[in-house]
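Bear in mind that the values here come from a model prediction, so they are computed numbers and not experimental data. We count residues from 1, following the sequence as given. Whatever order the structure lists ligands and atoms in, that order sets their numbers, starting from 1.
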Amino acid sequence: MGISIREEIEKREQEMLAEYATLSANSRGRAREEDDDPIRSCFMVDRDRVVHSKSFRRLKHKTQVFIAPPGDHYRSRLTHTLEVNQIAKTIGAGLNLNMDLIEAIALAHDLGHTPFAHAGEQILDHLVDTGFKHNQNSIRVLTRVEQHRKGRGLNLSWEVLDGVIHHSGYDSSDEVASTLEGQVIRLSDKIAYVQHDIDDSIRAGLLVLEELPQEYLDVLGYTHSNRIATLVTDTIMHTRNIVGQGMGLVVRPSPEIDQALKGLRKFMFEVIYNGPVCQAERARAAFIVEHLFKYYRKHPDKMSPFYLEIAEEEGLDQAVIDYISGMTDEYCIESFLEIYVPRSLVPEAKKSLDNNEY
Ligand code: MG
């Protein structure tokens, strides 16, 4: 009897990937044991489960930065996710890492984002004693809310969950993922959003290129694609250097480039993310989320039936958090209109509300 295609793939990984890459055959495994797939490695299976999940499809109607923007060319949480995936795969190819693991983490990393992005995250964090963080909620979605063969969660490999929980933050004091693939996602997320949010802010008329700090553009480049190319190339070369010299296993750009990315990110926080336009929109979004939270706390039977089971087992707060955080911006707004706004004032309802499926 010959070996299976999956075993061929595992063998190929062993022969061809870098010595510091994560081999699928060496995975620490899943919470519930499963038979191996005859064709796909465990990380390929994980990636496919993420893509086929409802939470993944909902990313298309979740905010990146600008809430329900009127144009077709603004990023959504879905296109952000795809940009992170692309950037991460180029870095992964440059470092000869496990591309399937990179892709699984990239596509899963933001599944726990709320409607209205950070506005939703902040208000939910404020509303429950246990707090709310989107990266922890991504784990919650992957291990409890989504289902695989009627079991709880998608039962993904340990390395994917480790990469997802460690994707946020950018301080040197933060704990980082155990795999280099996970570390690539954390950096690629920053590379992607700082650059595409600059692009979208210019598109929205909130920023002109000349306002960006010149010192950082001098280092990174003057166009969107130049800046990404600089960041990606430098990260590959610098990380190869560190690893080659036996200075530890860590994915990072060189200090000069790192400073420029951090500088641009800080500028974006001051001027855009925490600037007057986003703040005003955020207050409106928070109002909606807060009122929905209070409503479903009072009327749990109005949630989809699935969340009532969670309420019984894990308490009402958790169930309402799971329900609301899973909503798209649109579903959230429609629910708010349906509950709080007189019928005569609501333009013809779009009725994406399908309570049984949600
Ligand atoms: Mg992200």
Side-chain angles (χ1 to χ4, degrees), residues 46-47 50-51 53 55-67 69 74-92 101-122 124-125 132-142 146 156 160-171 174-177 179 181-201 224 227-228 231-232 235 251-253 261-262 264-266 268-269 272-274 278 282 285 325-329:
D46 293 346
R47 173 202 59 202
V50 171
V51 169
S53 70
S55 303
F56 184 75
R57 295 198 289 281
R58 288 185 200 157
L59 294 176
K60 71 179 168 189
H61 288 145
K62 286 193 171 189
T63 291
Q64 170 52 32
V65 169
F66 299 103
I67 295 173
Y74 289 92
R75 271 74 177 183
S76 66
R77 192 55 61 179
L78 179 64
T79 62
H80 159 71
T81 296
L82 297 176
E83 290 188 37
V84 171
N85 188 37
Q86 285 317 98
I87 289 168
K89 285 202 301 194
T90 307
I91 296 175
L101 176 56
I102 284 184
E103 192 153 39
I105 303 171
L107 298 180
H109 84 280
D110 271 350
L111 289 190
H113 252 302
T114 60
F116 315 127
H118 295 285
E121 181 173 21
Q122 279 169 2
L124 289 182
D125 188 43
F132 181 92
K133 297 264 174 301
H134 79 271
N135 60 329
Q136 289 165 2
N137 198 49
S138 292
I139 298 295
R140 170 93 188 150
V141 168
L142 293 168
E146 281 290 343
L156 303 183
V160 177
L161 298 176
D162 174 70
V164 170
I165 191 75
H166 290 113
H167 85 264
S168 30
Y170 195 31
D171 291 329
D174 292 335
E175 205 183 299
V176 295
T179 64
E181 288 82 356
Q183 294 179 27
V184 167
I185 299 304
R186 179 169 180 257
L187 181 65
S188 302
D189 188 34
K190 275 79 201 168
I191 294 176
Y193 75 65
V194 171
Q195 303 313 323
H196 67 45
D197 292 346
I198 288 174
D199 190 46
D200 277 354
S201 300
H224 181 75
R227 287 191 290 275
I228 293 179
L231 284 157
V232 167
T235 300
V251 176
R252 69 159 78 106
L261 176 59
K262 286 196 166 118
L264 272 188
R265 181 170 174 262
K266 186 161 171 273
M268 288 299 286
F269 269 96
I272 300 295
Y273 307 139
N274 296 327
C278 283
R282 213 171 275 173
S325 65
M327 291 179 178
T328 61
D329 295 11

Q: Taking the Mg ion (ligand 1) as the reference point, name the nearest N/O/S atom of Asp189.
A: OD1

Q. N/O/S of His80 less than 2.8 Å from the Mg ion (ligand 1)?
A. yes

Q) When you measure from the Mg ion (ligand 1) to each N, O or S atom of Asp110, which atom gives the shortest distance? A) OD2

Q.
Is there a side-chain contact between Leu101 and Val160 in this structure, where contact means two heavy atoms from C-beta onward sitting under 4.5 Å apart?
A. yes

Q. Is the distance from the Mg ion (ligand 1) to the nearest N/O/S atom of His109 under 2.8 Å?
A. yes

Q. What's the shortest heavy-atom distance between Ala88 and Ser188, and which atoms?
A. CA-OG, 3.2 Å

Q. Are side-chain heavy atoms of Tyr193 and Glu83 found at a separation under 4.5 Å?
A. no

Q) Between atom NZ of Lys190 and atom CG of Leu264, what is the distance when rounded to the nearest 0.5 Å? A) 15.0 Å

